[in-house]
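First comes the structure, then the notes that go with it.
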Amino acid sequence: MKNYLKELNDQQRIAVENYQGASLIIAGAGSGKTRVLTTRIAYMIDNHIDAFSILALTFTNKAAQEMRERVETIVGVDAKNIWMGTFHSVFARILRAEAFRIGYPNNFTIYDTDDSKSVIKAILKEENLDPKGTYKPSAIHSRISACKNSLIKPDDYENNIELMDSDKSSGKARFIELYRKYNARCFRSGAMDFDDLLLNTYDLLNNFPDVLYKYQHRFNYVLIDEFQDTNVVQYMIIKKIAASTRNLCVVGDDSQSIYSFRGANIRNILDFEKDFPELKVFKLEQNYRSTVNIVEASDNIISNNKYRLPKKLWTNNAAGNKIKILKADTEADEANITAFNILNLHKNENIAFSDIAVLYRTNAQSRAFEEAFRRLGIDYRLVGSISFYQRKEVKDLLAYFRFVINPADEEALKRIINYPARGIGDTTFAHLIVFANDNQCTIWDIINNINAFEISNRIKTVLTEFAFMIKSFQIAVKQKDAFEAAKQMSKESGLIRLMSDDKSPEGIGRFENVQNLLSAIKAFTERENTEDKSLAAFLQEVSLLTDADNQDFKTDKVTLMTVHSAKGLEFRVVFVAGLEENLFPSMMSVDTREELEEERRLFYVAVTRAMEKLYLCYATTRFQWGNLRYCEPSRFLDEIESKYIEYNAGAKQGKIKTPEIKTSTVQRKPVLPVRKPLFVNPDFKGDDVSSLQTGMNIEHNAFGNGKILQIDGVGDSRMALIYFDKFGQKKILLKFAKIKIV
DNA sequence: CGATCAGTCTTTTTT
DNA sequence: AGACTGATCG
């Protein structure tokens, strides 16, 4: 028997050896899931399975990287050839090769949530809808996202009477229209949002048999980590890819499913059993991570959930310390008590800071801890929801790169066109959008033909200079390597000067971030085993990185992060903060059993991160929206049997007061103007525009029938003034127009 | 067009 | 309390 197999227990080893066919590995917290997955892959390669034919999908980029390293230590360089990554990054890679089939440029941009919301805001503005009323950008976005994650496209949505009716009755009748317009706008910008990466991959496999064939035959073995957190599209995609070989191995723990708000669906596990009736089920129930107290307390917690697969974790580890409950007066007090305990652990028990984590429900809670830690000189690393690449100054420079690579990218253009200030304000940009809409072309097309349009000469000059600069950047990107091109753009755009002029502490921080971005590009171009070192490849990679992917957990610092980002990690000591009603469980999630059970699974995840010591903290008062609130201890604390718990003085007797309920201010409903939806006929064939003359009756691909009132200009600048029956008078640049003579 | 100021709204969680 | 928006003025 191979040496690495000897290190496994019987359940683990069987799960490794049975790599053919469909497998469901139900792996409890701390049961050696990653070890099984990596050993299984190594074992496959040892048994002459071609590394190129293995696809392994993980939850984070970091997990993929670590898994690759671990496989490599067993089987060597072959591990480099395995396709390993997150759903999003692997599919983005596939789409980059195949995007042309669905009408996208291969250098398509990936829109992050901010970009998506900004697109929605722009649409709401054009449609004169109130972004604070019924149509909140974030609400629209999450609804669109939910649709995409459940494979409901605009046509499906419109045909679904239930959805349409519920929109009507809730006053959101125009949602479907916004959904379509949002998609159209992204498409026109050559951009895909996170959900499109999944949906478009699905479409690709579904609509192009040759593509499906190609990937089915390329990936003979598919492995999925954290399967409980996959959503419908993700499952549909892997089902398609694995359909011919049926070698699909999924690993997961239903008790750790914490992403249903993102469309994750525990039902995938049930569907998997139905779709692959031949599957073998393996259960990993021995916990190697935590003490008896922690394992049994976590079992107390999770047994309150009704919906779960039967399994029982056990451990051979020591009984360990009791779980300590810390009661604090305020959030600052909570942070101080935590900091104090951390210093004690560090001094008296010689526990490294890097072995300690503070976990909380919401990112906003980090602040108090940061302050306390700074005051007491405790080094910490903050894993936030905003990654390095989402900081404003970094995104600004990235936007230059994005736009140079994909000049259809409107969101990028919006960021850079007047930054640094060039005297191109909102009004001008709004004009450009109107011109682009009228001409059914991109804003970049308009800028390049700006002389044909009615706009002040000052603006024309500035825009022409801008276009000249962008074109010089485009040449740089073609001729130089990613780093040199990036350096040139950061200088010549004026961004560097803008940053270095700002001598405030924040300004210096921003300047450093931009320098760090350039260093990251440098490192990217010098990296081994990355074949595509273009700036475009760099952009794609960083748009899918999370903050956790960027952290190095090796330096000796205490880790601060949300429970969500702690998934998959473990620490010798864990503090779970803010265990109060309306915070953990969240106020938003106590209305239904399903939501509450998800909060409980989240708490379960938090507790099971701890190896040796666990502290559960709560405060009796907390500042929220500038108001002091009284807090009740979390109901979850009562779910742990008292024999596993040790209270600090008076911890259990929290003051119980009903929190004040903030009454919402009555908002006046905006008057909605009527606007005709625009239907663009994709199959429309225009006549030769040079034959057009004043007085002709014509048909336009988007605006329908009209009459030419006037034509002026020559060459590319030739424009027609047209009166449309449905849209009134418009000035249209003939270069882009699709017009038929009637 | 851009800077400043007042008023509004915010909190889940993330690829 | 702090970020963000929109209105007003230079």
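Residue numbers start from 1 in every chain, and the chains themselves are labelled A, B, ... in the order their sequence lines are given, proteins ahead of strands. Atom set for the values below is all heavy atoms of this structure, side chains included, hydrogens, waters and symmetry mates excluded.
- Here A:F261 packs flat against the base of B:dT13; its ring centre is closer than 5.5 angstrom to the base's six-membered ring, tilted by less than 30 degrees.
- In terms of position along DNA chain B, the nucleotide closest to A:I459 lies nearer the 5' end than the nucleotide closest to the other residue of the pair A:I459 and A:E595.
- Note: CZ (A:F623) to P (C:dA1) measures 7 Å, nearest angstrom.
- Checking B:dT15, B:dG2, B:dT11 against every side-chain atom of A:A421, the shortest atom distance belongs to B:dG2.
- Between the CG atom of A:L498 and the P atom of B:dG2 there is a distance of 13 Å, given to the nearest Å.
- Atom C1' of nucleotide C:dG2 and atom CG of A:N363 are separated by 16 Å, given to the nearest angstrom.
- When the nucleotides B:dT11, B:dG2, B:dT15 are ranked by their closest atom to the side chain of A:N418, B:dG2 comes out on top.
- Of the candidate nucleotides B:dT11, C:dG2, B:dT15, B:dT11 has the atom nearest to the side chain of A:M588.
- Nucleic acid contact for A:K136: sugar-phosphate only, since backbone atoms but no base atoms lie under 4.0 Å from a heavy atom of the residue.
- One can place CE of A:M587 at 11 Å from P of B:dT10, the figure rounded to the nearest angstrom.
- Spacing between atom CG of A:D426 and atom C1' of C:dT8 amounts to 15 Å, rounded to whole angstrom units.
- Using cut-offs of 30° and 60° for the angle between ring planes, the A:H431 and A:F435 rings count as parallel.
- Put simply, the side chain of A:S589 and the base of B:dT13 share no donor and acceptor less than 3.5 Å apart.
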request  = Please test A:D409 against A:R402 for salt bridge (Lys or Arg N to Asp or Glu O under 4.0 Å), starting from the C-alpha separation and ending with a verdict.
outcome  = CA-CA 7 Å; A:D409 185 341; A:R402 273 166 59 177; 2.9 Å; yes

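- Taking atom CG of residue A:D114 and atom P of nucleotide C:dC4, one finds them 10 Å apart after rounding to whole Å.
- Along DNA chain B, the nucleotide nearest to A:R422 and the one nearest to A:E598 differ in position, and the one closer to the 5' end is contacted by A:R422.
- Note on ring orientation: taking the six-membered ring where Trp is involved, the planes of A:H88 and A:F194 are perpendicular (angle over 60°, cut-offs 30° and 60°).
- In this model, the phosphate group of B:dT13 is not approached by any side-chain N or O of A:T562 to a distance below 4.0 Å at OP1 or OP2.
- Ion pair A:R308/A:D254 not flagged as a salt bridge, since none of the NZ, NE, NH1 or NH2 atoms sits closer than 4.0 Å to an Asp/Glu carboxylate oxygen.
- For A:R374, the CZ atom is densely surrounded, since the number of other residues' heavy atoms within 6.0 Å is greater than 12.
- The distance between atom CE of A:M561 and atom C1' of B:dT14, rounded to the nearest whole Å, is 14 Å.
- Side-chain N/O atoms of A:S586 include none lying less than 4.0 angstrom from OP1 or OP2 on B:dT13.
- Distance noted for atom P between C:dG6 and B:dT11: 16 Å (whole Å).
- In this structure, NE2 of A:H141 is placed 13 Å from P of B:dT15, rounded to the nearest angstrom.
- Across B:dT15, B:dT13, B:dT11, the shortest atom-to-atom separation from the side chain of A:H564 is found for B:dT13.
- Side-chain nitrogen and oxygen atoms of A:S565 include none within less than 4.0 Å of the OP1 or OP2 phosphate oxygen of B:dT13.
- When the side-chain nitrogen and oxygen atoms of A:K121 are compared with OP1 and OP2 of C:dT5, one or more of them lie within a distance under 4.0 Å.
- The aromatic rings of A:F369 and A:Y360 sit parallel, their planes meeting at an angle under 30°, below the 60° perpendicular limit.
- Among the protein residues, A:R458 comes within range of the sugar-phosphate backbone only, with heavy atoms under 4.0 Å from sugar or phosphate atoms but none that close to a base.
- Contact annotation for A:Y259: backbone-only contact, meaning every heavy-atom pair under 4.0 Å involves sugar-phosphate atoms and none involves a base.
- OP1 or OP2 of B:dT15 has not a single side-chain nitrogen or oxygen of A:N231 nearer than 4.0 Å.
- If you check every strand for non-hydrogen atoms under 4.0 Å, A:D195 touches nothing.
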